[in-house]
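See structure below.
The shown structure was predicted, so the numbers you read here are calculated from the model rather than taken from an experiment. A note on names: the letters A, B, ... follow the listed sequences, proteins ahead of strands, and every chain is numbered from 1.
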Amino acid sequence: MTEQVRTRIAPSPTGAPHVGTAYMALFNLAFARRHQGKMVLRIEDTDRARSTPGSEQAILDALSWLGIEWDEGPDCGGDYGPYRQSERLELHQAEIDRLLEQGDAYRCFCSPERLDELRKEQMARKETPRYDGRCLALPPEESKQRAKNGEPFVVRMKIPSEGECRFMDELRGEVVIDWSQVDHQVIRKSDGYPTYHLANVVDDHHMRISHVIRGEEWINSVPKHLLLYKLLGWNPPAFAHLPLLRNPDKSKLSKRRNPTGIFYYRDAGFLPEAMINYLGMMGYTLPDQREVFSLGDLSETFDLKRISLGGPVFDLDKLRWLNGRYLREKLSEEEVIDRLLTWKAGKGFLERVLPLALKRLETLSDFFPLAQFLLADKLEYTVTELTGKLDPGEAARLLKIAEWELEKTAEWNRDELSSLFQRMAQTEEMKLKELLPLFFVAITGSTVSLPLFDGMSLLGPDLSRTRIRLALEKLADTGNGLSKKGLKSLEKEYRKAYGDRVD
RNA sequence: GUCCCGUUCGUCUAGCCAGGUCCAGGACACCGGGUUUUCAUCCCGGCAACAGGGGUUCGAAUCCCCUACGGGACGCCA
């Protein structure tokens, strides 16, 4: 063994922790463990507008819940820190300067509008969209001067104008991409932050990453990354591009059709070891074809070569079956009781729910039916109950708007939710009283229950959002969903009334 | 549109690298039967796939080429 195996997982803290992140983390970990190596967790927060500390913490929590442990990271440190890209800016800047001096990169002063137009023209001419190199010809002196004068600019890397880039992917063998297909990638944004492409190369190098194991979506970027390694005089790591998790319709797994938040699965009562097991069988089988296995089992025999490349469809039915096996085969009754207690059904839960339920109780037996929706995954109700006095089409519209609005709320609590729905009622020119019954049924499954906002806040964002989506699906199943066209125009209308979507 | 990647039962996959033992094996789902006071569990059985076409070869799911289909990338997002 000449060199230690070091892998990394590099999530960006911009939203709810995603099962895809866990999937990549799992294989990175298994590979590192198999080779007595280390796995690094690095936070890729170079998108200043979208990164949030809350999201970073959520990612750490989600992975920890799954039992995925990293050897170095922002929370536990390590010899190659810091482990947040935003804290490594000098390092990135130094390399950008070096590339600039070497003449391997140049400042670009083109406006986003011009670039947009350029892209459209090229697409129309059936070419691969690519920067046309206008600022490439700028004399270095002029470029320097304009930057000094405070004119906004980005830095782009120079790409060979002809020839091809050949590289090895550990899973697929040789991949050939023509340099003419590769854009003059921006490596420094106008806000001074590096882009992913630059930061990931610089950080992977300094963190001594030996194997980059990441999603297939990155495979087209390898030439840029390889070129950066070369220009900076560094040895590149080995690359392995894993297939992407898919929706039932084979598209890249997205929350539109599936719950993709790790916390949804936790809150809906799935066990972390079953999740890990299930993710481990996506695109992979152990040599002996065992179907029930632990992270340890996986790590013991893990072999990249055994990964199958067709994108696996994430199948909730099979996950449920597997989860069931853990519950009845792998855990003792006592352990299941423990899980139940720590999951939700503990004293803390009763303490939080009782104040909401108390005034509605005549007997103790009234309590659990009222609280039932907080423990359930899926709810049973009819479309008529859901829509109430509303027209089903209108109900679908309102649910969709709420879904989008809910995606924007970072703070998930009673007051926040309350003002969100009040705002929505105002915008829709409805009384809160008219708007709310729909959501009441979607969230609680009943017209008689605990207060909506408290209930949602207790339920958490993942379960709540999933229920809204479920209500929408229910409407669609009865022919009252939003058509593709309707969705598009609704989106436009939404932007006007509520502002841009975050997604 | 251009480029890249992929393609075994509806789904997850074994087999492919080292071609014959594969009229393709296992699992989920589904269907049928048995155990069980119901249901579930458990057990037994069934349905169901090498995308298509050309090569190479005595022989191809396995090697090569083409086509089709699917996905991804084409951002001052990662």
Side-chain angles (χ1 to χ4, degrees), chain A residues 10-15 18 20-21 43-51 85 108-112 115-116 119-131 152-156 164-165 167 169 171-173 175-183 185-200 214-224 241-253 278-292 305-322 324-325 327-329 502-503:
Chain A
S12 72
T14 54
H18 196 277
T21 305
I43 297 293
E44 308 248 331
D45 56 352
T46 54
D47 185 340
R48 276 206 294 187
R50 296 198 304 156
S51 296
Q85 284 188 325
C108 171
F109 298 90
C110 294
S111 68
L115 297 173
D116 221 44
R119 236 184 314 258
K120 271 184 202 149
E121 280 170 25
Q122 286 167 325
M123 290 265 222
R125 261 184 281 132
K126 307 183 179 185
E127 290 165 19
T128 298
R130 190 176 194 248
Y131 181 61
F153 68 92
V154 301
V155 175
R156 291 176 182 276
E164 56 195 23
C165 177
F167 61 92
D169 178 88
L171 308 181
R172 302 154 215 269
V175 176
V176 183
I177 295 175
D178 228 82
W179 283 117
S180 68
Q181 296 302 320
V182 183
D183 200 4
Q185 185 55 236
V186 171
I187 57 177
R188 196 201 95 133
K189 315 177 207 178
S190 54
D191 66 3
Y193 274 62
T195 58
Y196 168 85
H197 301 282
L198 187 279
N200 117 83
R214 76 237 288 192
E216 196 180 2
E217 52 199 323
W218 293 111
I219 203 161
N220 287 304
S221 299
V222 173
K224 295 168 199 170
H241 293 90
L242 266 31
L244 265 17
L245 262 21
R246 309 283 185 91
N247 295 315
D249 69 358
K250 299 276 188 185
S251 59
K252 176 161 113 173
L253 189 67
Y278 182 67
L279 254 13
M281 57 205 272
M282 299 269 80
Y284 191 77
T285 33
L286 298 204
D288 63 5
Q289 296 218 60
R290 239 176 309 174
E291 54 188 1
V292 179
K305 292 276 181 309
R306 292 193 61 82
I307 291 174
S308 58
L309 298 175
V313 172
F314 194 91
D315 179 15
L316 266 168
D317 276 339
K318 194 156 183 176
L319 207 212
R320 299 183 83 85
W321 163 80
L322 227 204
R325 284 195 66 170
L327 245 17
R328 70 185 100 90
E329 289 174 24
V502 290
D503 203 3

Between [atom2] on [N] and [atom1] on [X], what's the gap in Å once rounded to a whole number?
X        : N     : atom1 : atom2 : result
A:Leu286 : B:G26 : CG    : C1'   : 14 Å
A:Asp288 : B:G15 : CG    : P     : 12 Å
A:Leu322 : B:A29 : CG    : P     : 11 Å

Shorter than 3.5 Å, N or O on both sides, protein versus nucleotides 6-13 of chain B: list them out with atom names.
| unit_1 | atom_1 | unit_2 | atom_2 | d |
| --- | --- | --- | --- | --- |
| B:C12 | OP1 | A:Val313 | N | 2.9 |
| B:C12 | O2' | A:Met281 | O | 3.0 |
| B:C12 | O2 | A:Lys318 | NZ | 3.2 |
| B:U13 | OP1 | A:Gly283 | N | 2.1 |

Mind checking the [atom1] distance from [N] to [M]? Whole angstroms is fine.
N     : M     : atom1 : value
B:G15 : B:G20 : C1'   : 14 Å
B:U56 : B:C66 : C1'   : 15 Å
B:C22 : B:A40 : P     : 37 Å
B:U38 : B:U21 : C1'   : 49 Å
B:A27 : B:C43 : P     : 10 Å
B:U13 : B:G59 : C1'   : 27 Å
B:C74 : B:U57 : C1'   : 42 Å
B:C17 : B:A61 : C1'   : 14 Å

>> Tell me every residue that passes salt bridge (Lys or Arg N to Asp or Glu O under 4.0 Å) with A:Asp288, counting only those two or more places apart in sequence or in another chain.
In response: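 Partners of A:Asp288 under the salt bridge (Lys or Arg N to Asp or Glu O under 4.0 Å) test: A:Arg290.
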> Are A:Arg246 and A:Leu253 side-chain neighbours, meaning at least one heavy-atom pair lies under 4.5 Å?
Replying inline: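 Counting from C-beta outward, A:Arg246 and A:Leu253 never come under 4.5 Å.
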>> Could you check whether any side-chain heavy atom of A:Val292 comes within less than 4.5 Å of a side-chain heavy atom of A:Leu322, counting everything from C-beta outward?
In response: yes
Those residues that, when tested against [X], pass side-chain contact (heavy atoms from CB on, under 4.5 Å) (two or more places apart):
X        : value
A:Arg48  : A:Asp191, A:Tyr193
A:Gln289 : none
A:Ser51  : A:Pro13, A:Thr14, A:Asp45, A:Asp47
A:Arg156 : A:Tyr106, A:Cys108, A:Leu115, A:Tyr131, A:Val154, A:His184, A:Val186

Counterpart base for [N], defined by Watson-Crick or G-U wobble contacts under 3.5 Å:
N     : result
B:A60 : none
B:G45 : B:C31
B:G1  : B:C74
B:U36 : none
B:A51 : B:U67
B:A18 : none

Contacts under 3.5 angstrom, residues 305-313 of chain A side chains, donor-acceptor by atom type, not counting sequence neighbours:
| unit_1 | atom_1 | unit_2 | atom_2 | d |
| --- | --- | --- | --- | --- |
| A:Arg306 | NE | A:Thr285 | O | 2.8 |
| A:Arg306 | NH2 | A:Thr285 | OG1 | 3.4 |
| A:Arg306 | NH2 | A:Leu286 | O | 3.4 |

> With a 4.0 Å cut-off, would you call A:Arg119 and A:Asp116 a salt bridge?
Replying inline: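 Yes.
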> Is A:Glu216 paired with A:Arg172 through a side-chain N to carboxylate O contact shorter than 4.0 Å?
Replying inline: yes
>> At under 4.0 Å between heavy atoms, how does the protein contact nucleotides 73-78 of chain B? Give one character per nucleotide, 5' to 3', with B, S or -.
In response: SBSBBB
> Reading nucleotides 30-39 of chain B from the 5' end, what letters show protein touch, with B for base, S for backbone sugar-phosphate only, - for no heavy atom under 4.0 Å?
Replying inline: ----------
> Can you name the residues that form a ring-ring contact (aromatic ring centres under 6.0 Å, His included) with A:Phe314, not counting sequence neighbours?
Replying inline: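 With neighbours one apart ignored, the set is A:Tyr265, A:Tyr278.
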> Residues two or more places apart in sequence or in another chain: which of them pass ring-ring contact (aromatic ring centres under 6.0 Å, His included) with A:His18?
Replying inline: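 Expected list: none.
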>> Can you tell me how far apart NE2 (A:His197) and CG (A:Asp183) are? Round to the nearest 0.5 Å.
In response: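 Nearest 0.5 Å value for the NE2-CG distance: 9.5 Å.
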> Of A:Glu291 and A:Val175, whose nearest nucleotide on RNA chain B comes first from the 5' end?
Replying inline: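 Here A:Val175 is the residue nearer the 5' end.
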List, with names and distances, any nitrogen or oxygen atoms from the protein found under 3.5 Å away from nitrogen or oxygen atoms belonging to nucleotides 42-44 of chain B.
| unit_1 | atom_1 | unit_2 | atom_2 | d |
| --- | --- | --- | --- | --- |
| B:C42 | OP1 | A:Arg328 | NH1 | 3.4 |

>> Students often get this wrong, so: under 4.0 angstrom with heavy atoms, is A:Val182 touching a base, only sugar-phosphate, or nothing?
In response: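 Nothing, no heavy atom under 4.0 Å.
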> Is there a donor-acceptor pair closer than 3.5 Å between any side-chain N or O of A:Arg130 and the backbone N or O of A:Val182?
Replying inline: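 It does hold such a pair.
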>> Would the distance check show the side chain of A:Asn247 and the main-chain N or O of A:Lys252 forming a donor-acceptor pair, the cut-off being under 3.5 Å?
In response: yes
